[in-house]
Amino acid sequence: MTAEQLPKTYDFKSTEERVYAHWEESGYFRPSNAPGKKGFEPTRKPFVISIPPPNVTGELHLGHAMFVAMEDLMVRYYRMKGVPTLWLPGTDHAGIATQLKVEEDLLRTEEVTRDELGREEFLKRTWAWKDKYHAIISKQIRRLGASVDWSRERFTLDEGLSRAVREAFVRLFEKGLIYRGPRLINWSPGLRTAVSDLEVEYNEEEGQLYFFKYRIKGSNEFIPVATTRPETILGDAAVAVHPEDTRYEKFIGATALVPMLDREIPVIGDEYVDREFGTGALKITPGHDANDYQIGQRHKLPILSVLDEAARITKIGGPYAGLDRFEARKRLWADMHAKGLTIKTERYVQRVPRSQRGGEIVEPMISTQWFVTIKPLAAPALAAVDDGRIKIVPEYFTKVYRNWMENIQDWCISRQLWWGHRIPVWYTPDSSMFCARTEEEARAQATQRFGKGVELKQDPDVLDTWFSSGLWPFSTLGWPEETADLAYFYPTSVLETGYDILFFWVARMIMMGLEFTGEVPFHTVYLHGLVHDERGRKMSKTLGNVIDPLEVMEKYGTDALRFTLLVGSTPGQDLTLSLEKVGANRNFANKLWNAGRFVIGAIATAPKEMKGELDWTLADAWIWARTKQILSTCNRLFENYQYGEAGRQVYDFFWSEFADWYIEIAKLQLAEGGDRAFKTVDLLVRVLDICLRLLHPFTPFVTEELWGHLKAAALAHSKSLKAHGGEWPEALIIAAWPHPIAEEDREAQALDKFAIFQNVVRSIRNVRAEKGVKPGQKLAAILAAKDYSGMLEQEKKGLAALVQLDLGKLEITETLHQKPEGHISLVAGPVEIHLSLSEALDPRVERERLEKELTAARDQIARLEKLLKSDFGKKAPKGVIEKERARLDGFKATAGSLKEQLRKLA
RNA sequence: GGGCGAGUAGCUCAGUUGGUUAGAGCGCUUCCCUUACAAGGAAGAAGUCGUAGGUUCGAGUCCUAUCUCGCCCACCA
């Protein structure tokens with residue numbers, strides 16, 4: 001395709017799907033070196049990321065877009081460096097979340113509950129749901145450009161992973177790290193399952209603090225007590241006061257009477273009680289409060305469960321049995337009020353524990369559940385981060401991680417759900433327990449112990465979904481089998497995810513990875529921030545402020561969205577996504593496209609061979625020096641996980657240096673034709689190519705598309721361009737082109753000289769704009785610069801073209817003794833500029849302007865001289881001093897020119 | 001109660017070994033539809049880098065204190 005055939009505006013819609021299909025078909029996403037491949041080298045170190053598996057609950061949101069962009073960036077970068085790269089995709093069954101969704105869906109569409117359907121049928125429906133959403137999610141991940149190896153895709157509930165889960169469970173069980181027993185856990189009454197501490201969220205809500213009387217048996221006295229949950233009074237096991245509380249110490253040892261039930265409970269002394277808070281006396285409900293449970297243990301109090309699994313009052317609640325918890329609260333309080341047992345109620349803001357998934361209020365309850373003894377797993381996981389085997393980016397999250405690991409509690413892993421991995425434990429009718437990888441294994445164990453014909457029933461519960469996610473980095477590679485993939489790709493390289501699941505997932509993977517493989521599952525944890533809406537709020541469905549990434553991609557393109565997420569974010573820092581920014585980045589993609597079109601067009605018009613010898617121009621040397629700088633800067637930034645900064649660097653370089661300056665100058669050079677045009681095209685192609693490579697991890701679609709056209713054009717043009725420019729690699733491998741200008745000195749000089757040249761151009765443009773000179777009007781000019789007249793002489797033509805000077809009336813000298821008549825004079829660093837502007841020039845205004853500039857220059861000279869004379873001149877490093885000295889010289893030159901001009905004006 | 005992060009231009013945010021005149025996008029002002037691009041080009045206005053101290057030749061960057069906002073953990077009835 002020639003440049004004219006390419007659309008004037010980058011058409012991402014027609015590009016994205018096609019380009020992705022091309023990648024997939026060509027096998028570009030498969031690791032270049034992997035077990036089973038021809039010539040496989042087991043010693044080559046691969047770069048591996050296991051995808052954070054999205055839940056099969058719904059569609060893609062911006063969190064997904066964020067991690068896909070981030071991980072794709074890393075993966076593409078390493079792939080381009082020639083490192084064998086695996087990005088392993090997959091999805092998570094997401095126990096509670098999915099089951100809840102399916103239940104809601106069934107209720108809405110078929111008006112049936114899961115109990116009505118039965119376990120088997122319900123699971124069938126859930127698998128169907130999974131298939132549907134899995135398809136949607138995979139498509140959306142493709143849409144984002146994720147270069148994952150689809151051939152290795154996994155699902156947490158698939159056959160292999162289920163085997164891994166059973167294996168892990170059995171191993172922990174046999175090691176004595178898994179136990180079952182009644183403990184106080186968080187119970188979600190609506191879902192009727194236990195949830196872990198992490199799955200409980202606390203919201204500040206306004207409630208009431210209820211004050212009431214605890215009567216003392218055999219007396220008229222009472223102890224005033226306050227509670228936020230009156231219904232738990234029915235399950236009280238004691239009243240506690242501080243042992244040194246003068247108000248209440250006399251009651252210690254007495255018997256109190258539970259309101260309405262008149263059950264007798266002791267009054268105890270415990271230092272836990274805060275004398276200042278509430279009434280200074282505390283009701284103790286060991287069955288429904290974590291602290292009370294502790295106190296109950298200390299005082300050997302009975303544990304009364306007054307709420308059942310649906311949070312209804314149990315028969316312990318006597319007349320209130322069967323009532324819902326909130327109904328019971330109302331009724332009990334009313335009855336107590338009637339009996340004169342209440343004191344008052346106060347409005348009270350409390351932190352209400354709610355289920356992360358269902359949103360309902362969670363009740364602490366005593367329940368028989370499965371637990372993992374966590375300390376033996378946490379200790380090595382803590383050590384791995386402390387000794388640097390695992391590095392967390394940003395570093396400050398290490399503290400958060402440590403703090404959590406040090407205070408970790410046993411992990412409740414059983415859930416009373418249907419959707420998930422069934423706990424691999426079987427019971428005989430008399431409750432003997434067999435933990436095994438399969439039912440056959442359990443049966444064999446049972447037969448061995450009891451002889452033939454024992455009836456076995458599997459534990460009905462399933463495992464916490466994070467139990468299987470915790471195995472993800474290695475279960476997806478075949479563990480517990482010692483597969484070739486596992487041997488080669490494990491441990492993985494980087495685990496990239498949002499900081500919000502540091503505990504849920506990352507910490508558990510580290511613990512499980514170390515426990516089961518003896519190795520850290522990854523050496524780096526990269527945590528990105530959360531995406532917020534334009535007003536900086538968390539995105540949530542209830543707020544209705546969710547931005548749909550698909551809509552954004554539809555409107556602005558995937559590259560624009562990705563670039564925005566990548567460049568707008570800093571590790572660990574939340575990001576406010578603004579659509580304006582996405583729009584600006586869409587413009588950037590278009591800018592890239594058009595610069596590409598220009599270069600492709602230039603190729604077609606350039607001669608195919610060099611005829612003679614020709615040196616590079618100043619602009620050539622400058623852009624090449626800058627390109628090299630950008631390359632090394634980006635490499636450094638990539639290695640330090642500073643992807644956003646790297647993207648910004650290329651963005652700025654591409655737009656404001658390559659496009660704004662070099663391309664503009666290249667147009668003039670191309671117009672010269674011949675060898676000059678040849679060399680210019682050569683450099684245009686090189687610099688563009690490098691920019692495309694650097695940008696490819698950020699904006700893969702537009703760069704791939706352009707790169708294809710560029711390559712085709714270059715190859716169609718001539719062998720010499722190919723030979724001259726180096727080989728076109730099949731993949732976008734970052735390998736610097738052979739340097740066209742290899743002299744370091746010359747490049748450094750070019751940077752200085754070109755800066756002066758730019759300065760001259762800007763100054764002239766500035767004056768033209770200020771004086772309202774018509775854009776097309778060519779001016780005569782005289783330029784004087786002692787040390788740079790040679791450079792200016794060389795760049796004369798370019799300068800004239802860039803700022804509309806009359807080339808025939810452009811004079812360049814070293815010094816000028818007389819200020820030319822009818823000229824406006826200005827200074828750009830060491831260059832004196834005199835533009836012929838016949839229109840009324842007021843010498844007074846001119847003088848004022850020059851004097852103002854002179855004063856400014858003199859201020860700078862004074863500042864720098866003072867600086868250099870100070871301790872700075874003695875103590876600062878040489879290079880820094882040199883820089884300042886050079887700057888001082890610059891200002892001195894400017895001041896000199898200015899004085900000259902003022903003199904001439906006089 | 002403990003911990004963490006943020007406070008930089010009107011708005012949204014960059015700024016990692018401290019280097020001396022602080023950057024971008026959007027918005028704003030003026031001019032230009034110039035043959036890569038009006039999703040563009042040129043020129044311009046705009047910030048005492050939350051506050052107060054300190055270390056240093058030198059601080060947006062390091063230390064201390066403090067204010068404001070946000071988050072996490074623990075969960076005092």
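Note that these values count all heavy atoms, side chains included, but never hydrogens, waters or copies made by symmetry. Remember, it's a predicted structure, so these values are computed and weren't measured experimentally. Order of the sequence lines sets the chain letters (A, B, ...), proteins ahead of strands, with each chain counted from 1.
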> If you look at every strand shown and take non-hydrogen atoms under 4.0 Å, does A:Q860 touch a base, only sugar-phosphate, or nothing?
Replying inline: base
> Quick one: which of B:rC32, B:rC37, B:rC73 gets closest to the side chain of A:N403?
Replying inline: B:rC73
> Base, sugar-phosphate, or nothing: which does A:P394 touch, judged by heavy atoms less than 4.0 Å apart?
Replying inline: nothing
> Taking CG from A:N587 and P from B:rG25, how many angstroms apart are they, rounded to a whole number?
Replying inline: 11 Å
> Hey, does A:T570 reach any base, or is it just sugar-phosphate, or nothing, if we go heavy atoms under 4.0 Å?
Replying inline: sugar-phosphate
> Start at the 5' end of RNA chain B and walk down; is the nucleotide closest to A:F588 or to A:R887 reached first?
Replying inline: A:R887
> Of the candidate nucleotides B:rA43, B:rC13, B:rA36, which contains the atom at the shortest distance from the side chain of A:T576?
Replying inline: B:rC13
> With sugar-phosphate meaning primed atoms plus P, OP1 and OP2, does A:S578 contact a base, only sugar-phosphate, or nothing at under 4.0 Å between heavy atoms?
Replying inline: nothing
> According to the Watson-Crick and G-U wobble definitions, with both distances under 3.5 Å, which nucleotide is paired to B:rU55?
Replying inline: none
>> Under a 3.5 Å cutoff, is there a donor and acceptor pairing between the side chains of A:Q649 and A:T633?
In response: no
>> Does A:A240 reach a base, just sugar-phosphate, or nothing at all? Heavy atoms under 4.0 Å.
In response: nothing
>> By the 4.0 Å heavy-atom rule, please label A:F277 as base, sugar-phosphate, or nothing.
In response: base
>> So A:K667, base contact, sugar-phosphate only, or nothing? Heavy-atom distance under 4.0 Å.
In response: base
> Under 4.0 Å between a side-chain N or O of A:N291 and OP1 or OP2 of B:rC76?
Replying inline: yes
> Hey, does the side chain of A:K8 come within less than 4.0 Å of B:rC37's phosphate (OP1/OP2), counting only N and O?
Replying inline: yes
> Are any of A:K771's side-chain N or O atoms less than 4.0 Å away from OP1 or OP2 of B:rA43?
Replying inline: no
>> Between A:I603 and A:V681, is the side chain to side chain contact (heavy atoms under 4.5 Å, CB included) condition met? List the steps.
In response: CA-CA 6 Å; A:I603 291 172; A:V681 162; 3.8 Å; yes
> The side chain of A:N766 lies closest to which of these nucleotides: B:rG44, B:rA39, B:rA36?
Replying inline: B:rG44
> What integer distance in Å separates A:Q649:CD from B:rA24:C1'?
Replying inline: 12 Å
> Of all of residues 342-354 of chain A, which get a heavy atom below 4.0 angstrom from RNA chain B, listed by number?
Replying inline: A:Y348, A:R351
> Considering only heavy atoms and no angle criterion, is a donor-acceptor pair shorter than 3.5 Å present between the side chain of A:E664 and the base of B:rA36?
Replying inline: yes
> Which of these nucleotides, B:rG19, B:rG40, B:rC57, is closest to any side-chain atom of A:D871?
Replying inline: B:rC57
>> What's the gap between B:rG5 and B:rG47 when it is taken at their C1' atoms, as a whole Å value?
In response: 23 Å
>> Heavy atoms only, 4.0 Å cut-off, all strands: where does A:R762 land among base, sugar-phosphate and nothing?
In response: sugar-phosphate
>> Within the 4.0 Å heavy-atom criterion, would you say A:N640 contacts the bases, only the backbone, or no part of the nucleic acid?
In response: nothing
>> Using a heavy-atom cut-off of 4.0 Å across all strands, would you classify A:W655 as base, sugar-phosphate, or nothing?
In response: sugar-phosphate
>> Would A:L688 and A:Y662 count as a side chain to side chain contact (heavy atoms under 4.5 Å, CB included) here? Give the steps.
In response: CA-CA 11 Å; A:L688 176 64; A:Y662 189 70; over 6 Å; no
>> Considering every strand and a 4.0 Å limit on heavy-atom distances, what is the contact class for A:A584: base, sugar-phosphate, or nothing?
In response: sugar-phosphate
> Now, which nucleotide makes the Watson-Crick or G-U wobble pair with B:rA74, with each of the two distances under 3.5 Å?
Replying inline: none
> Would you call A:R275-A:D245 a salt bridge at under 4.0 Å N-O?
Replying inline: no
> Roughly how far apart, to the nearest Å, are B:rA22 and B:rG60 at atom P?
Replying inline: 10 Å
>> Side chain of A:T9, heavy atoms from C-beta onward: which of B:rA39, B:rC13, B:rU16 has the nearest atom to it?
In response: B:rA39
> Roughly how far apart, to the nearest Å, are B:rA24 and B:rC69 at atom P?
Replying inline: 32 Å
> Within the structure shown, what part of the strands sits under 4.0 Å from A:D500 by heavy-atom distance: base, sugar-phosphate, or nothing?
Replying inline: nothing
>> Here's a test for you: under side chain to side chain contact (heavy atoms under 4.5 Å, CB included), which of A:I284, A:D289, A:T285 qualifies with A:I295?
In response: A:I284
>> Starting the side chain at C-beta, find the nucleotide from B:rA77, B:rC37, B:rC32 nearest to A:R597.
In response: B:rC37
> Looking at the side chain of A:D660, which of B:rA42, B:rA43, B:rC76 is the nearest nucleotide?
Replying inline: B:rA42
> Would one find a side-chain N or O of A:K399 under 4.0 angstrom from OP1 or OP2 of B:rC4?
Replying inline: yes
> Where each residue is assigned the nucleotide of RNA chain B containing its nearest heavy atom, which of A:G568 and A:D274 is assigned the position nearer the 5′ end?
Replying inline: A:G568
> Hey, does A:Q573 reach any base, or is it just sugar-phosphate, or nothing, if we go heavy atoms under 4.0 Å?
Replying inline: sugar-phosphate
> Would you say the base of B:rA39 and the side-chain of A:R586 have a donor-acceptor pair closer than 3.5 Å?
Replying inline: yes
> What is the nucleic acid contact for A:L867, judged by heavy atoms within less than 4.0 Å: base, sugar-phosphate only, or nothing?
Replying inline: base
> If you check the A:Q642 side chain, which of B:rU12, B:rG5, B:rU16 turns out closest?
Replying inline: B:rU16
>> Between B:rG27 and B:rA46, how many Å separate the two C1' atoms, rounded to a whole number?
In response: 11 Å
> When A:D270 is tested against each of A:H242, A:H299, A:Q294 for side chain to side chain donor-acceptor pair (under 3.5 Å), which residue passes?
Replying inline: A:H299
> Would you say A:T279 reaches B:rA77's phosphate, i.e. side-chain N/O to OP1/OP2 under 4.0 Å?
Replying inline: no
> How long is the line joining CZ of A:R636 and P of B:rG15, in whole Å?
Replying inline: 13 Å
> Of the nucleotides B:rG19, B:rC26, B:rG25, which one has an atom closest to the side chain of A:Y651?
Replying inline: B:rG25
>> On the nucleotide B:rC71, are OP1 or OP2 found under 4.0 Å from the side-chain N or O atoms that A:Y499 carries?
In response: no
